[in-house]
Novice: 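Once you've had a glance at the structure underneath, I'll fire off some questions.
Proteins get letters first, then strands, A, B, ... in listed order; numbering begins at 1 in each.
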There are 2 protein chains.
Amino acid sequence: MPAEHAILGLLAESDPGAHGYDLARHFAPEEPLGAIVRLEPGMLYHHLKKLDKAGWVSATVEQQGVRPPRQVYQLTPEGRIELDRWLADPVGRTREIRLEFLVKLFFAQRLHPDLAGELVAHQRETLERNLTSLKAQQLSMAAGGDADDRDRSFSIDVLALRMAQTEAALAWLDNLLAGESGRKAECS
Amino acid sequence: MPAEHAILGLLAESDPGAHGYDLARHFAPEEPLGAIVRLEPGMLYHHLKKLDKAGWVSATVEQQGVRPPRQVYQLTPEGRIELDRWLADPVGRTREIRLEFLVKLFFAQRLHPDLAGELVAHQRETLERNLTSLKAQQLSMAAGGDADDRDRSFSIDVLALRMAQTEAALAWLDNLLAGESGRKAECS
DNA sequence: AGAGCCATGTAAGAGGTTACATGATTAG
DNA sequence: CTAATCATGTAACCTCTTACATGGCTCT
């Protein structure tokens with residue numbers, strides 16, 4: 001799922017459009033995007049066909065003599081709408097921060113630099129809600145006595161891990177916001 | 001992969017063996033194990049067949065009159081060896097802590113309570129190494145100047161997230177160790 | 001009488017990985 | 001001469017998800 005939106009994002013940045021091989025380069029492991037999402041050529045071409053069928057990209061064939069003809073893809077207006085909707089939508093679970101949110105952030109900074117801060121803020125709120133719910137579960141876990149001691153102590157450890165990971169992500173988001181406004185202030 | 005080892009772990013705990021439906025109960029979402037790994041019945045039976053073919057479990061059929069016959073599975077000696085090997089082996093990546101390591105911890109505490117602390121210590125070392133490598137990448141990133149500014153600043157943010165998540169996991173592991181030795185001291 | 005438990009599975013399909021095929025061109 | 005680049009894909013193969021089929025039994 002994040003891979004397809006990453007493709008939409010790349011097409012939004014490449015003005016006359018791009019063909020599969022062009023896009024594949026951005027998913028090489030040394031590129032910033034490839035360091036987050038891995039995408040083999042086979043899957044890339046598969047996704048492009050799916051996006052075409054969904055009406056989010058459109059292809060125009062470009063003949064090239066001896067090589068296979070290039071399919072040059074462009075973002076359609078519907079595709080752009082879908083991309084913007086996706087970019088504004090924070091991820092629901094903490095574990096999705098590492099992949100999907102990073103991809104959103106990557107493209108938000110490029111396509112809507114002024115709205116990237118809003119994405120971060122919304123993501124912060126979502127994680128804050130998750131943290132609250134984890135705290136509630138922790139309380140009910142300490143009280144509720146239908147499980148045996150080993151089970152309860154283990155469940156408490158699990159909750160503690162989830163809370164620690166969520167808190168770490170929240171702190172990172174705060175640093176992001178501080179860093180960005182900091183850089184803005186430097187320039188003014 | 002963690003699901004199959006969880007099955008081995010459950011069979012190690014159930015003495016005369018267990019059939020699929022028995023095992024499935026442990027993967028219900030309200031059970032401590034089901035809160036970590038989700039496993040639908042279809043996949044469970046599939047895994048049991050795979051484990052049988054691998055020689056890690058063996059099945060004996062138990063007729064039941066009108067209902068479909070029970071396949072009662074038992075852990076084989078090879079299965080036990082594989083389980084113990086897996087239990088002693090820390091996970092390589094921080095993101096595997098949330099799933100695979102928690103399953104290891106769950107069974108380590110039940111099957112080898114005295115070795116659980118060792119697993120945690122080994123996991124700590126592994127994550128510590130990961131953290132060192134992330135720090136090195138961070139340094140080379142700040143120095144290396146072949147990328148444009150946006151790319152570099154983004155890559156730095158990505159590294160900062162990974163470090164924050166790894167540090168959170170390390171702190172949680174430390175609390176685990178402190179908690180366990182604390183509980184041991186209480187009992188003595 | 002109807003819901004849900006027991007106990008096994010199959011079937012269909014989505015999604016992903018890995019490896020390969022093509023065949024000229026260009027760089028070391 | 002060898003290897004990589006260009007540019008597309010296909011094929012085989014896993015894994016996982018979702019949903020369903022069976023059919024008697026027990027609880028309310």
Novice: Identify, residue by residue, the members of residues 19-28 of chain B with a heavy atom below 4.0 Å from DNA chain C, and return them in order of residue number, or none.
Specialist: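 Output list: His19(B), Gly20(B), Tyr21(B), Arg25(B).
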Novice: If you look only at distance, which donor and acceptor atoms sit under 3.5 Å apart when one is on a side chain in residues 84-103 of chain A and the other is two or more places apart or in another chain?
Specialist:
residue: Asp84(A); atom: OD1; partner: Arg80(A); partner atom: NE; Å: 3.4
residue: Asp84(A); atom: OD1; partner: His112(A); partner atom: NE2; Å: 3.0
residue: Asp84(A); atom: OD2; partner: Arg80(A); partner atom: NE; Å: 3.4
residue: Arg85(A); atom: NE; partner: Glu82(A); partner atom: OE1; Å: 3.1
residue: Arg85(A); atom: NH2; partner: Glu82(A); partner atom: OE2; Å: 2.8
residue: Trp86(A); atom: NE1; partner: Glu100(A); partner atom: OE2; Å: 3.0
residue: Arg93(A); atom: NH2; partner: Glu96(A); partner atom: OE2; Å: 3.4
residue: Thr94(A); atom: OG1; partner: Thr166(A); partner atom: OG1; Å: 3.0
residue: Glu96(A); atom: OE1; partner: Gly92(A); partner atom: N; Å: 3.3
residue: Glu96(A); atom: OE1; partner: Arg93(A); partner atom: N; Å: 3.1

Novice: Can you tell me how far P of dC6(D) sits from CD of Gln63(A), to the nearest Å?
Specialist: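 So the two atoms are 20 Å apart, to the nearest Å.
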Novice: Enumerate the salt bridge (Lys or Arg N to Asp or Glu O under 4.0 Å) contacts for residues 160-171 of chain A, please, sequence neighbours excluded, ordered by first and then second residue.
Specialist: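 The answer is none; no pair qualifies.
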Novice: Taking atom C1' of dG9(C) as reference, at what distance in whole Å does atom CG of Leu48(B) sit?
Specialist: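 Distance, rounded to whole Å: 12 Å.
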Novice: How would you list, by chain and number, every residue that makes a salt bridge (charged side-chain N to carboxylate O under 4.0 Å, His left out) with Arg70(A), sequence neighbours excluded?
Specialist: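 With sequence neighbours excluded, Arg70(A) shows a salt bridge (charged side-chain N to carboxylate O under 4.0 Å, His left out) to Glu62(A), given in chain and number order.
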Novice: His47(B) pairs by side chain to side chain contact (heavy atoms under 4.5 Å, CB included) with which of Leu39(B), Leu23(B), Leu8(B)?
Specialist: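 Answer to the side chain to side chain contact (heavy atoms under 4.5 Å, CB included) test with His47(B) among Leu39(B), Leu23(B), Leu8(B): Leu39(B).
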Novice: Apply salt bridge (charged side-chain N to carboxylate O under 4.0 Å, His left out) to Arg25(A) and list each qualifying residue two or more places apart in sequence or on a separate chain.
Specialist: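 Residues passing salt bridge (charged side-chain N to carboxylate O under 4.0 Å, His left out) with Arg25(A): Asp22(A).
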Novice: Please pick, from dT10(C), dA7(D), dG9(D), the nucleotide with the shortest atom-to-atom distance to any side-chain atom of Gln71(A).
Specialist: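 The listed nucleotide nearest to Gln71(A)'s side chain is dG9(D).
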Novice: Can you measure Tyr45(A) atom OH to dA7(D) atom P for me and round it to whole angstrom units?
Specialist: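 Checked: the OH to P distance equals 9 Å.
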Novice: Produce the list of close N/O pairs, under 3.5 Å, pairing protein atoms with atoms of nucleotides 15-21 of chain C; give distances to one decimal.
Specialist:
none

Novice: Going by the rule side-chain hydrogen bond (donor to acceptor under 3.5 Å, both in side chains), which residues pair with Ser155(B) if we only count those two or more places apart in sequence or in a different chain?
Specialist: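 With sequence neighbours excluded, Ser155(B) shows a side-chain hydrogen bond (donor to acceptor under 3.5 Å, both in side chains) to no residue whatsoever.
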Novice: How many whole angstroms separate atom CG of Leu44(B) from atom P of dT8(C)?
Specialist: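 Taking atom P of dT8(C) as the reference, CG of Leu44(B) is at 9 Å.
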Novice: Applying ring pair (Phe, Tyr, Trp, His ring centres under 6.0 Å), which residue pairs with at least one partner in residues 12-36 of chain A are found, sequence neighbours left out?
Specialist: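 Applying ring pair (Phe, Tyr, Trp, His ring centres under 6.0 Å) to every pair that reaches into residues 12-36 of chain A, excluding sequence neighbours, yields nothing.
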Novice: Output all residues satisfying salt bridge (charged side-chain N to carboxylate O under 4.0 Å, His left out) with Lys135(A), sequence neighbours left out; order by chain, then residue number.
Specialist: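 Residues passing salt bridge (charged side-chain N to carboxylate O under 4.0 Å, His left out) with Lys135(A): none at all.
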Novice: Report the distance from atom OH of Tyr73(A) to atom P of dA7(D), rounded to the nearest whole Å.
Specialist: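 The answer, rounded to whole Å, is 14 Å.
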Novice: Suppose we screen for salt bridge (charged side-chain N to carboxylate O under 4.0 Å, His left out). Which residues come up paired with Glu128(B), at least two apart in sequence or across chains?
Specialist: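 If we apply the salt bridge (charged side-chain N to carboxylate O under 4.0 Å, His left out) test to Glu128(B), skipping adjacent residues, the hits are Arg124(B).
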Novice: Test: salt bridge (Lys or Arg N to Asp or Glu O under 4.0 Å). Region: residues 27-54 of chain A. Which pairs qualify, not counting sequence neighbours?
Specialist: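 Listed once each, the pairs are Glu4(A)-Lys50(A).
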Novice: Quick check on the helix from dA1(C)-dT28(D) to dG28(C)-dC1(D): what's the angle between its two end axes, five base pairs per end, to the nearest 10°?
Specialist: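 Computed from the C1' atoms at both ends, the axes differ by 30°.
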Novice: Check whether Phe106(A) forms a cation-pi arrangement with Arg110(A) (NZ or CZ under 6.0 Å from the six-membered ring centre, at most 45° off the ring normal).
Specialist: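 Yes, cation above the ring, under 6.0 Å and within 45°.
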